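Take a look at the structure below.
Here is the naming used below: chain letters follow the sequence lines, and residue numbers restart at 1 for every chain. Keep in mind that this is a model prediction, so the values were computed, not measured.
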There are 2 protein chains.
Amino acid sequence: MPDPQPSLDEQIAIYQREYRDLDPQVERVVNALSRLDRRMSVAYGRQLATLGLSGAEWEVLKELVMVGSPYQLWPGTIAKRLGLTPAAMTHRIDRMLAAGLVTRERDEENRVRVIVGLTDEGREKWLQVMRQASAFEEYLLQDLNNEERAQLGDLLIRLLDRVSTHLD
Amino acid sequence: MPDPQPSLDEQIAIYQREYRDLDPQVERVVNALSRLDRRMSVAYGRQLATLGLSGAEWEVLKELVMVGSPYQLWPGTIAKRLGLTPAAMTHRIDRMLAAGLVTRERDEENRVRVIVGLTDEGREKWLQVMRQASAFEEYLLQDLNNEERAQLGDLLIRLLDRVSTHLD
DNA sequence: GCTGAAGACTTCAACTCTAAACTTCGAAGC
DNA sequence: GCTTCGAAGTTTAGAGTTGAAGTCTTCAGC
């Protein structure tokens with residue numbers, strides 16, 4: 001009963017023993033992807049913590065910045081993009097409101113709706129995170145030359161297109 | 001205030017406007033990675049649901065199979081590998097015990113420890129999921145030829161090594 | 001052998017998310 | 001105009017996770 005996690009190759013070797021019809025090459029890609037994403041999440045999480053931000057807050061800040069000035073979105077839209085229920089959005093915004101990261105007001109053109117906006121403090125937090133994150137990302141990719149980076153990007157986008165059409 | 005998510009390129013263009021010192025090529029790789037992983041998680045989640053399994057249960061089954069026969073692990077080890085607290089592990093095992101997927105007994109060689117083992121039903125569930133999942137993964141990679149698959153795997157593993165040393 | 005300290009799991013309270021019922025507003029149909 | 005239906009958010013109850021405190025076991029020092 002070992003404590004350290006088996007290496008990717010060990011893992012795939014065991015999978016093949018347990019289930020013969022497995023393509024090792026496919027498995028190598030898929031499992032590397034999920035391991036990589038999990039560890040990157042851990043790394044990002046640590047960085048966020050040093051800035052006093054939770055992962056949940058960071059996700060919302062990103063969406064608000066991503067629409068560009070004047071940095072406004074409806075809660076339902078944010079919820080959809082993050083894969084959350086509207087109820088979860090309500091609570092997140094409550095907390096971020098208390099932290100001074102966002103504003104919330106009724107949409108006067110359609111009073112059913114609510115408008116969530118970014119505060120200056122929220123925008124400043126986003127910038128701080130981006131400065132840290134881009135340094136980390138550059139570190140992450142330092143072993144890859146420009147050609148390899150482009151290649152990797154292309155391959156990932158082809159998978160992304162495929163999975164996107166699958167989900168529709 | 002748009003409802004659809006911006007494309008990857010649109011997103012990066014906006015990020016660059018908001019924060020000039022950003023390398024678009026790096027950003028392209030990193031954001032494609034996270035989008036891809038999120039959507040794959042949604043796809044896997046749907047598949048699991050059709051088999052009456054939760055993502056949490058699937059994670060634990062994977063770890064147990066991954067150590068090979070006799071499919072036993074200590075709760076603390078599983079918790080570490082999944083990035084959970086021991087408390088969460090206790091509750092997960094409670095539920096999986098009730099579902100008949102695992103067993104739990106004291107380790108007689110060291111009575112502080114507990115041994116979690118896989119039941120035949122748990123092993124069967126793992127196989128069912130793998131059959132579905134490998135079909136999906138083959139679909140996901142269908143646009144890539146063998147050379148591209150190998151390339152992608154290699155590049156991902158180089159990133160994986162990098163982030164792993166970073167976390168130590 | 002006894003005692004104190006450390007390790008592994010469990011218990012408990014607080015927090016976050018989901019699902020479902022509820023409230024409010026706007027738009028159609030009559 | 002009044003009613004009904006649908007859309008957007010909020011509220012509430014229940015499930016899962018975390019962090020801290022608690023319990024039980026082992027081991028080292030005496």
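- The side chain of A/Arg111 lies closest to C/dG26 when the candidates are D/dT26, C/dG26, D/dG9.
- Comparing C/dC17, C/dG7, C/dT11 by their nearest atom to the side chain of B/Thr90 picks out C/dT11.
- Minimum atom distance to the side chain of A/Ala87 is reached by C/dT18, of the listed D/dA7, C/dC9, C/dT18.
- B/Tyr44 and B/Glu137 are linked by a side-chain donor-acceptor pair at a separation below 3.5 angstrom, with hydrogens and angles left out of the test.
- Closest contact between the side chain of A/His91 and the listed nucleotides D/dT12, D/dG16, C/dC9 involves D/dT12.
- Side-chain rings of B/Tyr71 and B/Trp126 stay apart, their centers remaining 6.0 Å or farther from each other.
- A salt bridge links B/Arg28 with A/Asp154; the closest basic N to acidic carboxylate O contact falls under 4.0 Å.
- Residue A/Met89 contributes atom CE, which lies 18 Å from atom C1' of C/dA19 at whole-angstrom precision.
- Looking at A/Gln11 and A/Arg35, their side chains do bring a donor and an acceptor atom within 3.5 Å of each other.
- Out of C/dC17, C/dA8, D/dG9, the shortest distance to the side chain of A/Arg113 is found at D/dG9.
- Within the 4.0 angstrom heavy-atom criterion, base atoms lie near A/Pro86.
- Heavy atoms of A/Arg106 sit nowhere under 4.0 angstrom from any nucleic acid atom.
- Set against C/dC9, D/dT10, C/dA8, the side chain of B/Trp74 has C/dC9 as its closest nucleotide.
- At a threshold of 4.0 angstrom between heavy atoms, the contacts of B/Gly55 with the nucleic acid are absent.
- Straight-line distance from the CD1 atom of A/Ile78 to the P atom of D/dA8: 14 Å, rounded to whole Å.
- Set against C/dA8, D/dT10, C/dT18, the side chain of A/Leu84 has C/dT18 as its closest nucleotide.
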